[in-house]
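For reference, the structure is listed below as structure tokens.
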Amino acid sequence: MLNRRNFMKTVTALGMGMVLPAVRRVEGLAEPSSCSDRGPIDSAASMATVAKYSGDECRSLMELERCADLLDDLDCTEIVSNYMGLTEFSRSAGDANFWRVYCPFCKQRTLRTLEVGTEVFHCDWCDAEGSAIDCYAWIEGVSHREASARLEALLNDGDLVGRRPEYEHAWELMARAQRFYHELLSEDPAGSDARRILADHGIGVSVIKRFMLGYAPVEPIDLLSRHLLAAGYNIECLHTVCFPAEDGSRTMVDRYRGGNLLIPIRDSSGRSWGFFQKRLFSGINNFDMGWSQSLLRVSERRLRRLIFPHPAWPRDFGRYEKVLLARPPWDVIALQEAGLDNVVYVPEGLMTHDPVTRRTLLALSKTIVCPFDSEGKGPAAAYELLDASAESSWTVRLMSVPPKGGILNMLESGGATAVRTAMDRAVPLEQWLG
């Protein structure tokens, strides 16, 4: 059981910094060194953490979001090939990611080995390294911000291709998969058993439609892929949502099959990323158990900011007085259907290891409420958010819920009013620790 005594033992063993990561500061945009400096570029420096917000908080967040999207859309390989000159450039044998090129960051104009990938470049001689934006900024002799503006314009005008076509193809296929599974659950005979189970749990058509819930049956294994092939896609294009059969045939196996109830995961722009999924016929009928997450892996940077439901900036910046951090994702659907929109889900562990995920969550509100029960289950999420700094401006509170059934039990017995009352009575984590 997780209690105050055990928690303090953990702090003593691991150190406060390991257990209670600092999350109060928002990352800002740092200008890279000038072009005359030929020392190594710190690839993290262009997105470094700053001590506090610079200027308006919302504007700083918007700059971070925009820069992160741009870095995700750019292809560093394309920048190097376009701006270092194809005539000076040859691939080394056996490895397409290493080129002999005149490194623009070395003082001596001699051929060097430059390692270039979609995300970063690195010179083995002068140790210059950085992102596509860093590379362009140094070559053109402009600031990081000016380089970002120019590169975004080049992408929008079609002068640079970047990685956008790859992402757009993946998002299009995922959106089609979500619509297909939703229609199957809503009206197809193949979804009748799933509709019956949902109806037995009080989940009607309005909930299914509002949250675009879907169902992926066990058989046949290629139901989605046959649908997409009929829509005009060729089999080589389907690897985002399907994968080849193990027998080596050209049959495509649907990635989400298995009798799964599906909750679509989308960002604020409506782009589709994947599903939360739970098997309906596994013997585990509780909707607060057995959930897993399957996401597109084409864009790790965007995935790190993807909480459920995803906020829309700048509308949702600081929108709520407090936000309830629910576990699992089904609790979010139940609470939002009951009229509580200030509730989100963040996969466990992300807040501990990923400051970008924490930034997304904490930009919604400066007070995060975490449920826990009398058996000590639940505060781990709060520990992920607590800042040991006395200068902290964020508040983490614990809300007591029943040990059996948690928030859903409270919602069923007392409705949205009971949950709101419990949120109002939530105590600061420091007070709970005594």
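Sequential numbering from 1 along the given sequence is applied to the chain's residues. Please read these numbers as outputs of a predicted model, since none were measured by experiment.
Using a 4.0 Å cut-off between charged nitrogen and carboxylate oxygen, R150 and E146 count as a salt-bridge pair. Look at E78 and R163 and you find no salt bridge, because none of the NZ, NE, NH1 or NH2 atoms lies under 4.0 Å from a carboxylate O. Salt bridge present: E63 and R59 bring a charged side-chain N and a carboxylate O closer than 4.0 Å. One finds no salt bridge joining R66 and D69 here, because no Lys/Arg side-chain nitrogen approaches an Asp/Glu carboxylate oxygen to under 4.0 Å. Salt bridge absent: E168 and R271 never bring a charged side-chain N and a carboxylate O closer than 4.0 Å. Ion pairing of R397 with D424 is absent here, as no side-chain N (NZ or NE/NH1/NH2) approaches a carboxylate O to less than 4.0 Å. Ion pairing between a basic and an acidic side chain is recognised when a charged N comes within 4.0 Å of a carboxylate O; R164 and D75 show no such pairing.
Here the closest non-hydrogen pair linking I79 and A132 is CG1-CB, 3.9 Å. D373 approaches P403 most closely through the heavy-atom pair CB-CA, 3.6 Å. A326 approaches V332 most closely through the heavy-atom pair CB-CG2, 4.1 Å. Summarising the geometry of L229 relative to I235, their closest heavy-atom pair is CD2-N, 3.7 Å, with the distance given to 0.1 Å. Contact record, Y136 with A147: CD2-CB, 3.6 Å, taken as the closest heavy-atom pair. The shortest heavy-atom contact between R266 and M212 is NH2-CG, 3.7 Å.
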**Request:** Test D73 against E152 for side-chain contact (heavy atoms from CB on, under 4.5 Å), laying out the working first.
**Result:** CA-CA 9 Å; D73 290 342; E152 186 173 22; over 6 Å; no
**Message:** If you apply the rule side-chain hydrogen bond (donor to acceptor under 3.5 Å, both in side chains), what do you find for N342 with R420, and how did you get there?
**Reply:** CA-CA 10 Å; N342 56 333; R420 290 192 182 97; over 6 Å; no
**Item:** Derivation and outcome, side-chain contact (heavy atoms from CB on, under 4.5 Å), residues V205 and S186
**Value:** CA-CA 7 Å; V205 175; S186 301; over 6 Å; no
**Request:** Please report the C-alpha distance between F275 and Q178 in whole Å, then the side-chain angles of each, then the deciding distance to 0.1 Å, and finally whether the side-chain contact (heavy atoms from CB on, under 4.5 Å) criterion is met.
**Result:** CA-CA 8 Å; F275 298 99; Q178 289 185 356; 3.3 Å; yes
**Request:** Give the intermediate values and the outcome of side-chain hydrogen bond (donor to acceptor under 3.5 Å, both in side chains) for residues E172 and Y233.
**Result:** CA-CA 11 Å; E172 178 187 354; Y233 292 90; 2.5 Å; yes
**Prompt:** So K366 and E321, salt bridge (Lys or Arg N to Asp or Glu O under 4.0 Å) or not? Walk me through it.
**Reply:** CA-CA 7 Å; K366 294 191 176 183; E321 178 184 348; over 6 Å; no
**Request:** May I have the step-by-step check of side-chain hydrogen bond (donor to acceptor under 3.5 Å, both in side chains) for D134 and S131, ending in yes or no?
**Result:** CA-CA 5 Å; D134 295 320; S131 68; 3.2 Å; yes
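Distance alone, capped at 3.5 Å, places no donor-acceptor pair between the S225 side chain and the C242 backbone. A donor-acceptor pair under 3.5 Å links the side-chain atoms of S365 to the main chain of Y320, judged by distance alone. Under a 3.5 Å cut-off, the side chain of N234 and the backbone N or O of E236 do form a donor-acceptor pair. The closest donor-acceptor contact from the side chain of R279 to the backbone of G258 lies under 3.5 Å. Using a distance-only test at 3.5 Å, with no hydrogens or angles considered, a donor-acceptor pair links the side chain of H201 to the main chain of I197. A side-chain donor-acceptor contact under 3.5 Å links R257 to the backbone of V218. The backbone N or O of L280 lies less than 3.5 Å from no partner atom in the side chain of N260, so there is not a single donor-acceptor pair. Remark: side-chain polar atoms of R301 are not paired, donor with acceptor, to backbone N or O of L70 under 3.5 angstrom. Remark: the backbone N or O of G270 is paired with a side-chain donor or acceptor of D267 at under 3.5 angstrom.
Heavy-atom neighbours of E412 CD from other residues, nucleotides or ligands within 6.0 Å: at or below the threshold of 12. For E219, the CD atom counts as densely surrounded, since its 6.0 Å shell holds more than 12 non-hydrogen atoms of other residues, nucleotides or ligands. Atom CZ of R425 has 12 or fewer neighbouring heavy atoms from other residues, nucleotides or ligands inside a 6.0 Å radius.
Using cut-offs of 30° and 60° for the angle between ring planes, the F276 and F308 rings count as perpendicular. Taking the six-membered ring where tryptophan is involved, the planes of F287 and W291 are tilted, since the angle between them lies from 30° to 60°.
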